[in-house]
Amino acid sequence: MKNNYCIIMAGGVGSRFWPLSKADMPKQFLDFFGTGRSLLQITFERFKDIVPNENIYIVTNAMYKQMIMEQLPQLSENQILLEPMRRNTAPCIAYAVYKIKSECDDANIIVVPSDHMITNGVEYRRVLQEGLSFVKANKKSMLTLGMKPTRPETGYGYIQIDEGEGVLRKVKTFTEKPNREMAEVFIKAGEFYWNSGMFLWHIDAIIDAFNEYLPDIATLFEDGKEYYHTPQEQSFIDSIYPTCQNISIDYGIMEKSDNVSVMIADFGWSDLGNWQSLYEIGDKDENGNVSYKCAKKLYDCNDNIIVMPKGKIAVIDGLKGYLVAQYNDVLLICKKDEEHKIRQFVADVEDMPEGKQFI
């Protein structure tokens with residue numbers, strides 16, 4: 001395992017989960033399911049038998065350093081990579097990749113977000129082990145995990161697989177989030193899989209890809225090889241990050257490369273990207289209602305999601321297709337299928353006198 005590494009991306013704000021997720025306490029640091037562990041802690045624990053603790057790197061915004069140290073005290077400060085500003089996933093991954101390269105030139109790397117849900121951990125670890133075997137044997141190939149779709153989801157990107165047999169296929173195309181009609185076409189076609197945003201690759205493959213497709217970013221982080229693992233590392237990162245292109249790894253590299261394979265998998269995955277995704281995975285009562293943490297008494301209610309602090313009770317009559325979410329001093333009630341308005345709600349609250357305390 002000594003050459004296995006993991007990069008956990010933990011710098012997002014999770015604004016679509018307001019009021020639970022806020023800028024000063026994003027969703028990856030929250031105990032969503034009442035287990036006593038945050039999404040970040042659960043993600044970290046998934047790799048205990050696959051990657052040595054000292055080879056796990058967390059890339060996050062500088063403002064979350066203390067929270068990570070409190071939630072993952074087994075990490076050294078050197079394993080917490082601090083971005084001075086958000087520049088999307090390509091610079092985030094480049095920072096970690098070039099730091100890993102400075103200590104191991106034969107690294108096999110897993111890249112995952114910090115806030116995804118996986119219900120079948122045994123199968124997940126089996127898939128990762130198989131993926132690591134693939135990238136060890138194919139050091140110039142990049143691998144992504146494609147999830148078997150269960151519904152015409154419009155909130156995920158899709159991967160179209162090439163012809164062939166088995167769970168390992170070449171990627172034919174990446175597609176952005178489709179509309180409902182196109183998502184239904186994808187499902188019927190049988191050759192499209194959800195893009196999980198999880199990747200595996202050998203250090204050589206990803207370095208070559210950065211050099212070919214994002215050379216400016218490659219040059220910036222390559223120039224830091226003398227600073228990684230030294231007291232000067234943070235000041236170097238702070239100086240170059242403002243000049244980094246703001247671009248995702250999908251758009252910057254994965255969609256352009258002809259050397260990407262996909263492993264088809266099914267381990268109970270959800271990206272927990274919005275309230276609807278939380279509703280989809282929730283245990284529903286006979287009327288399609290989902291609740292988290294709180295007690296509830298519902299009358300003539302259908303297809304709602306109710307999230308309130310433990311120790312609270314929700315008594316609701318005549319509500320259909322709504323989101324009810326309370327956190328601290330904020331109560332949000334809106335139509336479940338119009339949660340895209342939440343960003344506007346947040347902006348409007350922020351404009352209110354003393355509104356910033358609720359954001």
Side-chain angles (χ1 to χ4, degrees), residues 11-34 38-39 86 113-117 147 149-158 176-184 186-187 194-197 248 269-285 287-294 296 298 300-309 312 314 316-352 355-359:
V13 175
S15 58
R16 287 178 291 179
F17 270 108
W18 186 83
L20 268 69
S21 182
K22 301 179 181 180
D24 61 351
M25 182 61 78
K27 65 173 180 172
Q28 61 266 30
F29 302 112
L30 298 175
D31 174 12
F32 255 71
F33 304 106
S38 70
L39 295 176
R86 294 180 179 88
S114 61
D115 52 6
H116 287 188
M117 181 178 179
M147 301 296 106
T150 59
R151 61 186 183 275
E153 175 61 54
T154 60
Y156 300 155
Y158 285 72
E176 299 300 322
K177 298 173 183 178
N179 59 30
R180 177 78 184 192
E181 183 180 0
M182 188 57 67
E184 290 175 350
F186 289 169
I187 296 297
W194 288 336
N195 184 355
S196 69
S248 72
W269 169 85
S270 171
D271 79 339
L272 292 183
N274 54 26
W275 288 111
Q276 182 64 31
S277 64
L278 199 62
Y279 175 80
E280 293 288 350
I281 65 171
D283 293 329
K284 299 171 182 64
D285 67 15
N287 295 310
N289 299 297
V290 173
S291 65
Y292 288 93
K293 297 187 180 182
C294 65
K296 67 182 186 299
L298 306 180
D300 190 27
C301 288
N302 302 88
D303 305 323
N304 301 295
I305 178 169
I306 301 153
V307 184
M308 300 181 72
K312 301 283 187 180
I316 304 174
D317 179 28
L319 211 56
K320 293 176 173 61
Y322 268 75
L323 160 66
V324 179
Q326 181 192 351
Y327 187 73
N328 290 341
D329 295 329
V330 178
L331 172 63
L332 170 67
I333 303 172
C334 72
K335 291 181 180 178
K336 184 160 53 72
D337 61 0
E338 293 184 0
E339 64 169 289
H340 58 275
K341 294 180 178 179
I342 288 178
R343 289 187 176 177
Q344 187 59 53
F345 298 159
V346 171
D348 292 344
V349 170
E350 193 169 15
D351 286 340
M352 295 171 61
K356 291 186 182 296
Q357 64 180 307
F358 303 115
I359 303 305

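Note that the numbering runs from 1 along the sequence shown for the chain. Bear in mind that the values here come from a model prediction, so they are computed numbers and not experimental data. Atom set for the values below is all heavy atoms of this structure, side chains included, hydrogens, waters and symmetry mates excluded.
The neighbour count for M182 CE, taken as heavy atoms of other residues, nucleotides or ligands under 6.0 Å away, does not exceed 12. Counting heavy atoms of neighbouring residues, nucleotides and ligands inside a 6.0 Å radius, atom CG of D24 exceeds 12 of them. Atom NZ of K320 has more than 12 heavy atoms from other residues, nucleotides or ligands within 6.0 Å. The number of heavy atoms from other shown groups lying within 6.0 Å of CD (E176) does not exceed 12.
Counting heavy atoms from C-beta on, the side chains of L331 and V324 come closer than 4.5 Å. Side-chain contact between E280 and R151: present, with at least one pair of heavy atoms (C-beta onward) separated by less than 4.5 Å. At least one side-chain heavy atom of I187 sits less than 4.5 Å from a side-chain heavy atom of P149. Using a 4.5 Å cut-off on side-chain heavy atoms (C-beta onward), L323 and I342 make contact. D283 places none of its side-chain heavy atoms less than 4.5 Å from the side chain of V290. Between V330 and W18 the shortest side-chain heavy-atom distance falls below 4.5 Å. Residues I316 and K296 form no side-chain contact, since every pair of their non-hydrogen atoms from C-beta on lies 4.5 Å or further apart. Contact check for S270 versus H116: no side-chain heavy atoms found under the 4.5 Å cut-off.
Separating the CD atom in E184 from the CG atom in N179 is a distance of 9.0 Å, to the nearest 0.5 Å. Note that CZ of F358 is 5.5 Å distant from CG of D329, once rounded to the nearest 0.5 Å. The distance from the SG atom of C294 to the CD1 atom of I306 is 6.5 Å, given to the nearest 0.5 Å. Taking CD from E181 and OG1 from T154, the interatomic distance works out to 13.0 Å, rounded to the nearest 0.5 Å.
Distance alone, capped at 3.5 Å, places no donor-acceptor pair between the D303 side chain and the Y322 backbone. When atom types are taken as modelled, the side chain of K27 and the backbone of L272 share a donor-acceptor pair closer than 3.5 angstrom. Of the possible polar contacts, none joining the S21 side chain to the P26 backbone as a donor-acceptor pair under 3.5 Å is found. With hydrogens and angles ignored, the 3.5 Å screen pairs a side-chain donor or acceptor of D285 with a backbone N or O of N287. Formation of a donor-acceptor pair under 3.5 Å by the R86 side chain with backbone atoms of G12 is not found in this model. Within the 3.5 Å criterion, the main-chain N or O of N274 finds a donor-acceptor partner in the side chain of S277. Of the possible donor and acceptor atoms, none in the side chain of Q326 sits under 3.5 Å from a partner among the backbone N and O of L332.
G197 approaches P113 most closely through the heavy-atom pair O-CD, 3.7 Å. Taking every heavy atom of both residues into account, K356 and E350 meet most closely at NZ-OE2, 3.4 Å. Contact record, N304 with L319: ND2-O, 2.8 Å, taken as the closest heavy-atom pair. The heavy-atom pair separating C334 from F345 by the smallest distance is CB-CE1, 3.9 Å. Taking all atoms of both residues into account, the shortest heavy-atom contact from I359 to V346 is CD1-O, 3.5 Å.
Both cation-pi conditions hold for K284 and Y279: the charged atom is under 6.0 angstrom from the six-membered ring centre and inside a 45 degree cone around its axis.
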As a quick check of understanding, evaluate side chain to side chain contact (heavy atoms under 4.5 Å, CB included) for W275 and V307, giving each step before the final call. CA-CA 10 Å; W275 288 111; V307 184; 3.6 Å; yes
Residues N195, Y158; criterion side chain to side chain contact (heavy atoms under 4.5 Å, CB included); working and verdict: CA-CA 5 Å; N195 184 355; Y158 285 72; over 6 Å; no
Trace of the side chain to side chain contact (heavy atoms under 4.5 Å, CB included) decision for N289 with C301: CA-CA 7 Å; N289 299 297; C301 288; 4.1 Å; yes
Start with the C-alpha gap between E153 and K177, add the side-chain angles, then the distance that decides, and say whether side chain to side chain contact (heavy atoms under 4.5 Å, CB included) holds. CA-CA 8 Å; E153 175 61 54; K177 298 173 183 178; over 6 Å; no
Does D31 form a salt bridge (charged side-chain N to carboxylate O under 4.0 Å, His left out) with K293? I'd like the steps, not just the answer. CA-CA 10 Å; D31 174 12; K293 297 187 180 182; 5.1 Å; no
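Classification of the F17-F32 ring pair by plane angle, with boundaries at 30° and 60°, yields perpendicular. Between Y156 and W269, the ring-plane angle classifies as tilted under the 30° and 60° cut-offs.
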